[in-house]
2 protein chains.
Amino acid sequence: MARRRQAVTIKHVAKDAGVSLQTVSRVINNEPNVRLAMKERVQNSIDRLGYVPSIAAQRMSGSRSYLILAINDREKTIAEWHSRSGTDWVDQMLLGGILTCSQYGYRMMVELVDTHNDHVERELSATIAALQPDGVILTPPHSENRLITGLLAKKNIPFARIGSVEPGPGIRLTMDDERSARMATEMLIGLGHRRVGFVAGPDDYSLSTWRINGWKAAMEQAGLPTSGLLQHGDFRFDSGLAATQSLLALASPPTAIIASNDQMALGTIEAAREKNLDVPSDLSIISFDNTPVVRFTDPPLTAVDQPVAATISKAVELLINVAKLPLPREPINIEATLVERASTVPPQN
Amino acid sequence: MARRRQAVTIKHVAKDAGVSLQTVSRVINNEPNVRLAMKERVQNSIDRLGYVPSIAAQRMSGSRSYLILAINDREKTIAEWHSRSGTDWVDQMLLGGILTCSQYGYRMMVELVDTHNDHVERELSATIAALQPDGVILTPPHSENRLITGLLAKKNIPFARIGSVEPGPGIRLTMDDERSARMATEMLIGLGHRRVGFVAGPDDYSLSTWRINGWKAAMEQAGLPTSGLLQHGDFRFDSGLAATQSLLALASPPTAIIASNDQMALGTIEAAREKNLDVPSDLSIISFDNTPVVRFTDPPLTAVDQPVAATISKAVELLINVAKLPLPREPINIEATLVERASTVPPQN
DNA sequence: CGTCGGATTGAGAACGTTCTCAAACAGCGA
DNA sequence: TCGCTGTTTGAGAACGTTCTCAATCCGACG
């Protein structure tokens, strides 16, 4: 294989414009102190020759890599993927990220990493050494992994933690999960429900705990019991099905259920069908995430909309401008909203 | 911002092991003609120091970039994304690609490009100059864009064209769309349907034409008319809805409809609901793609399964090994299968 | 008209790796 | 033991960019 070279380099441009490499470099990077006439002359050569700087060379000489690395949970992603049940996070994250990155001349790369792995630190460390990204975005549950955040802080690489309120290094972008869960619960209580079941996510996602707290708070404030109405799932369809089966098998089963993500809510629908319960008249359902699928279920689901894409987009902007802007020390909160659809009505019994 | 340097470089390893840079390089790249003892000594230093080569530097010195670039249709992707109707291709592509890439120490990056843009060539050319990928994967409709394929061929960058049977440069991985459509149509005819409507995709996707041909062929072979039973959509929900509305407004409407992707099939369901038609007893439906959503619609949809992820995975493997293996001159065909669900029954009238 | 200081430009080193080519080494037959 | 050949190792250039620092230019001021 022949050594592949850059077609047009900065040298060609410099020669064409009759200036030094350095001047071309200055024009490329839009640096001050270049005379306008000179700038135009160089830009002209750049355009005519179709020159584009090599990112590899830029990175080499100590500049930026124009790369943002987004870290996602491999275990969850692959499981969802193999079960063909949708990979909503990756999806939204990637697109929110790619579009925002491209506005700034950056790129985004998605890396899948196992949190439950002794080698996380080594694995991620190697990736960073190899790619040298300008910024890293951590999604749950990585955003709370001390090994990872410690590593990034030590390497002095700007990073954003999505969905974690825990103090520590890095920019934090949080969804107020407690508030969202409270909001959803209050809506159901407002409709007249008194037994509202909750299907939570796994324990190693701190958002699971926040959501449980929100649900409990709303129930207790209304003087309603929560005992026995809490189940845990793992964000997959099957776990939502099983959790709901348990809830519906109670002596006095809930008249409404909140599921911690859309996939588990699909399981909830399925469990109701199995028992010949009508949704929503026998069982109201609210889910979290509001991914595309919930518009097309029967009935369409009322859901808490987590603006994942907007969050990632914001994270990208902050990371890219990290040098220019003062870093927010406090978490930036991203507002979730409740999207009402046909799955929530007053209890019929 | 301080000039960011590599923590551990090949020099550190060389010094630590007491050998030259070149020897370390040889060990990294697993080259022959290194004495076993020497190899072990160097590997030892590498492990102990936690050395990982800088991809930027490797690429700079003429080696590989360990990057595969996947080109997707920006227009379609963004439209789907904003309408929150799912971005199935990107999703599957990305994951199939990422997982396979990581097996070989490569990475995948997704780039969104507009085909309907005079600057496609320039835009893509710039991306390639900047990133210098080792291979490029083109998905429809880019896989048939002569400007793009010509550019890649000229730059001598290995590339794969997904879903295009058109002759020309590049590795071709095709789904036999004519066959799939024929298969779906024949299944419906086998159930007793005589009026089978077809909602095709846009004209600039050549697969649209192939699928229409397959549908027509099956109908004609069974001696059934096709006139008036063909509608075009743009792969989005709304267009599927509108196309189906037209079909159902016919004097003798179809008893079954094949939609060219899942999103349009959702529109078909919606159109049937509006007319108070029961799916499947009044209207059978088959869709293309078999993305996660069709498992959860009411009823779940019979669908042609396009193994997108497996296809991308294969493309990645071929591109990575392009130097070692002889290039396939003929298109590699990826078999689609028909997944039967509850949306297809014999006609009831 | 000379001088000073900031603005503008350029020369050469540096970044971390692989490539090219030459030197040292080892094995083998005579 | 010598010479030949193929294997193993190393030295220095090359890759394309930016950084550092020095040189030049230009306008204004005395």
Side-chain angles (χ1 to χ4, degrees), chain A residues 1-42 45-46 49-67 105 128-132 134 323, chain B residues 1-42 46 49-67 105 128-132 134:
Chain A
M1 193 161 37
R3 184 166 181 153
R4 218 178 325 122
R5 299 167 189 236
Q6 194 86 342
V8 182
T9 74
I10 200 172
K11 277 187 194 168
H12 299 120
V13 176
K15 193 174 175 190
D16 183 82
V19 298
S20 73
L21 302 188
Q22 191 47 42
T23 301
V24 180
S25 176
R26 278 191 261 261
V27 173
I28 295 167
N29 294 295
N30 208 15
E31 284 175 25
N33 300 342
V34 179
R35 220 187 306 260
L36 186 62
M38 175 62 81
K39 190 168 174 173
E40 279 169 355
R41 177 148 61 106
V42 172
S45 294
I46 290 177
L49 299 177
Y51 166 71
V52 179
S54 153
I55 291 185
Q58 290 185 310
R59 171 65 263 194
M60 265 287 301
S61 72
S63 168
R64 304 184 163 203
S65 62
Y66 298 97
L67 178 71
I128 287 170
L131 296 177
Q132 295 164 279
D134 291 335
Chain B
M1 189 160 40
R3 186 168 180 151
R4 218 177 326 119
R5 299 166 187 238
Q6 194 87 341
V8 182
T9 73
I10 200 172
K11 278 188 193 168
H12 299 119
V13 177
K15 193 173 175 191
D16 184 83
V19 299
S20 72
L21 302 186
Q22 190 48 42
T23 302
V24 180
S25 175
R26 278 190 262 259
V27 173
I28 295 166
N29 294 295
N30 209 13
E31 284 174 24
N33 300 343
V34 180
R35 221 186 305 259
L36 185 62
M38 176 62 79
K39 189 169 175 174
E40 280 169 355
R41 177 146 62 108
V42 172
I46 290 177
L49 298 178
Y51 166 71
V52 178
S54 152
I55 291 184
Q58 290 185 312
R59 170 66 262 195
M60 265 289 301
S61 74
S63 169
R64 303 183 165 204
S65 62
Y66 298 97
L67 178 71
I128 287 170
L131 296 177
Q132 296 165 279
D134 290 336

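Note that the coordinates shown come from a computational prediction; the quantities given were computed from them, not determined experimentally. In what follows, every chain begins at residue 1, and chains take the letters A, B, ... in the order their sequences are listed.
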Separation of atom [atom1] in [X] from atom [atom2] in [N], rounded to whole Å:
X       : N      : atom1 : atom2 : value
A/Gln22 : D/dT17 : CD    : P     : 12 Å
B/Leu21 : C/dT20 : CG    : P     : 17 Å
A/Ile10 : D/dC15 : CD1   : C1'   : 13 Å
A/Arg26 : D/dT17 : CZ    : P     : 16 Å
B/Arg64 : C/dT18 : CZ    : P     : 12 Å
B/Met60 : C/dC15 : CE    : P     : 13 Å
A/Glu31 : C/dT8  : CD    : C1'   : 12 Å
B/Arg5  : D/dT18 : CZ    : C1'   : 12 Å

- When only distance counts, do a donor and an acceptor, one from the side chain of B/Arg59 and one from the base of C/dG16, lie under 3.5 Å apart?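 No such pair is found, so the answer is no.
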| If you find the nucleotide of DNA chain C closest to A/Leu36 and the one closest to B/Val8, which residue's nucleotide is nearer the 5' end? |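 The residue mapped nearer the 5' terminus is A/Leu36.
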Quick one: is [N] close enough that its OP1 or OP2 comes under 4.0 Å of any side-chain N or O from [X]?
X       : N      : value
B/Asn33 : D/dT8  : yes
B/Ser61 : C/dC19 : no
A/Thr23 : C/dT9  : no
A/Ser54 : D/dG16 : no
A/Tyr66 : D/dT17 : no
A/Asn29 : D/dT18 : yes
B/Gln58 : C/dT18 : yes
B/Arg35 : D/dT9  : yes

* When you measure from the side chain of A/Gln6 to the backbone N and O of A/Val52, does any donor-acceptor pair fall under 3.5 Å? ->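 The answer is yes, because a donor-acceptor pair under 3.5 Å joins these two groups.
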Compare the minimum distances between each of D/dT17, D/dG10, C/dG16 and the side chain of A/Tyr51, then state the nucleotide with the smallest one.
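Output: D/dT17.
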Given side chains that start at C-beta, do those of [X] and [Y] come closer than 4.5 Å, heavy atoms only?
X       : Y       : answer
A/Ile28 : A/Ile10 : yes
B/Lys39 : B/Arg26 : no
A/His12 : A/Lys15 : no
B/Arg59 : B/Leu67 : no

Query raised in the report: B/Gln132 or B/Met38: which one's nearest nucleotide on DNA chain D is closer to the 5' end?
Result: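 Per heavy-atom nearest nucleotide, the more 5' residue is B/Met38.
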